[in-house]
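We name chains A, B, ... by the order of the sequence lines, and we start the count at 1 in each one. Since the model is a prediction, treat every value here as computed from it, not as a measurement.
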Number of protein chains: 2
Amino acid sequence: MKQNSRLWLALHTLGHIANEPDRMHTSAEIADHAGTNPVVVRRVLGRLREAGLLVSEKGHAGGWRLASAPKDITLADIYSALDENIVAPPPADYARSCAVESELHKHVTSVLLEAERSLVERLGETTLAQFQEV
Amino acid sequence: MKQNSRLWLALHTLGHIANEPDRMHTSAEIADHAGTNPVVVRRVLGRLREAGLLVSEKGHAGGWRLASAPKDITLADIYSALDENIVAPPPADYARSCAVESELHKHVTSVLLEAERSLVERLGETTLAQFQEV
DNA sequence: AGGTCTGTAACTTTTGATGTTGCGAAACAT
DNA sequence: ATGTTTCGCAACATCAAAAGTTACAGACCT
């Protein structure tokens with residue numbers, strides 16, 4: 001796969017699961033479909049489970065399924081569950097020194113945070129149901 | 001330094017140069033101040049020069065200075081010059097296959113792009129002049 | 001009991017960014 | 001003209017985060 005693709009893997013996978021909500025999907029099956037590794041899948045889906053979006057079951061007929069209906073899962077839920085901070089993390093070292101750049105830093109950070117907030121808001125307007133096949 | 005800190009290094013540096021617009025600033029001096037390496041500084045500032053924000057001069061009293069007045073340089077100019085795409089680059093591999101996730105992919109990408117557009121718009125409202133000391 | 005899953009903990013590999021060294025080219029001072 | 005300063009650039013070395021891998025314990029079903 002590639003780097004920083006957790007979000008895409010998550011979307012990809014949830015899209016599929018939402019289309020067949022009634023059966024369990026194993027990590028092996030998903031990994032196969034996504035061209036990656038079962039463990040990687042479990043890592044990513046694990047976060048979604050922690051966020052209450054998915055349910056996993058062990059054992060024979062185990063696997064993964066949605067924790068709620070596709071119409072109740074927004075893209076913002078998915079994005080947030082992965083805490084991908086689009087906002088470039090401020091490199092700490094820069095906080096020190098001159099008041100000037102401290103101001104600059106604060107200003108830019110707040111703009112970035114606001115951009116992220118508006119992004120999440122937008123993602124919240126769309127649910128998985130909108131991508132289900134008819 | 002740290003990772004993905006080009007934006008911060010650029011802001012930091014331009015902030016300083018904007019406060020002393022009349023003299024040349026050498027990469028060694030900047031690197032020293034930013035706790036990094038002259039070559040790294042030149043790499044980042046080189047992009048800003050390509051974008052027409054800075055001018056560099058070789059030789060004895062050489063170094064870097066702003067190409068225009070602080071009030072004519074917006075944070076968006078800086079951001080754009082570095083083409084930091086905050087939008088996570090879509091991992092290509094996913095474009096294939098099922099129409100469902102292709103739709104999902106397109107939708108999410110467009111939301112991300114819009115978020116970035118609005119971010120740049122916001123950054124465009126602020127100029128370097130606003131961070132100059134009085 | 002035996003087979004099928006997830007859950008996790010290591011560890012290795014890969015990738016992108018940063019840091020480093022070295023040297024050529026340009027500008028200037030003497 | 002010669003030497004010094006400084007950028008420009010290329011070729012590495014180093015580092016950190018992400019992804020991939022292996023291995024095995026725990027849970028569940030038949």
Whole-Å distance separating the [atom1] atom of [X] from the [atom2] atom of [N]:
X	N	atom1	atom2	value
A/Leu82	D/dA19	CG	P	10 Å
B/Leu54	D/dG8	CG	P	11 Å
B/Leu9	C/dT18	CG	C1'	11 Å
B/Ile30	D/dG8	CD1	P	12 Å
B/Arg6	C/dG19	CZ	P	12 Å
B/Arg65	C/dA27	CZ	P	14 Å
A/Asn37	D/dA18	CG	P	17 Å
B/Met24	C/dA27	CE	P	12 Å

Tell me the closest heavy-atom pair linking B/Thr74 and B/Gly124, and the distance in Å.
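Looking at all heavy atoms of both residues, the shortest contact is CG2-O, 3.5 Å.
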
Considering non-hydrogen atoms only, spot the tightest contact between A/Ser27 and A/Arg42 and give its length.
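In this case the closest contact between A/Ser27 and A/Arg42 is OG-NE, 3.1 Å.
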
Could you verify whether a donor N or O on one side chain and an acceptor N or O on the other, from A/His25 and A/His16, lie under 3.5 Å apart?
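There is no such pair between these side chains.
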
Pairs of donor and acceptor atoms involving the side chains of residues 52-70 of chain B, under 3.5 Å and at least two apart or interchain, shall be tabulated with distances.
unit_1	atom_1	unit_2	atom_2	d
B/Ser56	OG	B/Arg49	NH1	3.1

Can you check whether B/Leu75 reaches B/Glu125 side chain to side chain, under 4.5 Å on heavy atoms?
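Sidechains of B/Glu125 and B/Leu75: no contact.
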
Do A/Leu119 and B/Leu112 come close enough that some side-chain heavy atom pair is under 4.5 Å?
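Counting from C-beta outward, A/Leu119 and B/Leu112 do come under 4.5 Å.
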
Just to confirm, is there a sub-4.0 Å distance from OP1 or OP2 of D/dA19 to any side-chain nitrogen or oxygen of A/Ser5?
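Indeed, a polar side-chain atom of A/Ser5 lies that close.
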
Atom pairs under 3.5 Å: protein N/O with N/O of nucleotides 4-9 of chain C:
unit_1	atom_1	unit_2	atom_2	d
C/dT4	O3'	A/His60	O	3.4
C/dC5	O4'	A/Gly59	O	3.1
C/dC5	O2	A/Gly59	N	3.4
C/dT6	OP1	A/Ser27	N	2.8
C/dT6	OP1	A/Trp64	NE1	3.1
C/dT6	OP2	A/Ser27	OG	2.6
C/dT6	O3'	A/Ser56	OG	3.3
C/dG7	OP1	A/Arg49	NH1	2.1
C/dG7	OP1	A/Ser56	OG	2.9
C/dG7	OP2	A/Arg49	NH1	2.7
C/dG7	N7	A/Arg42	NH1	2.9
C/dG7	O6	A/Arg42	NH1	3.3
C/dT8	O4	A/Arg42	NH1	3.4

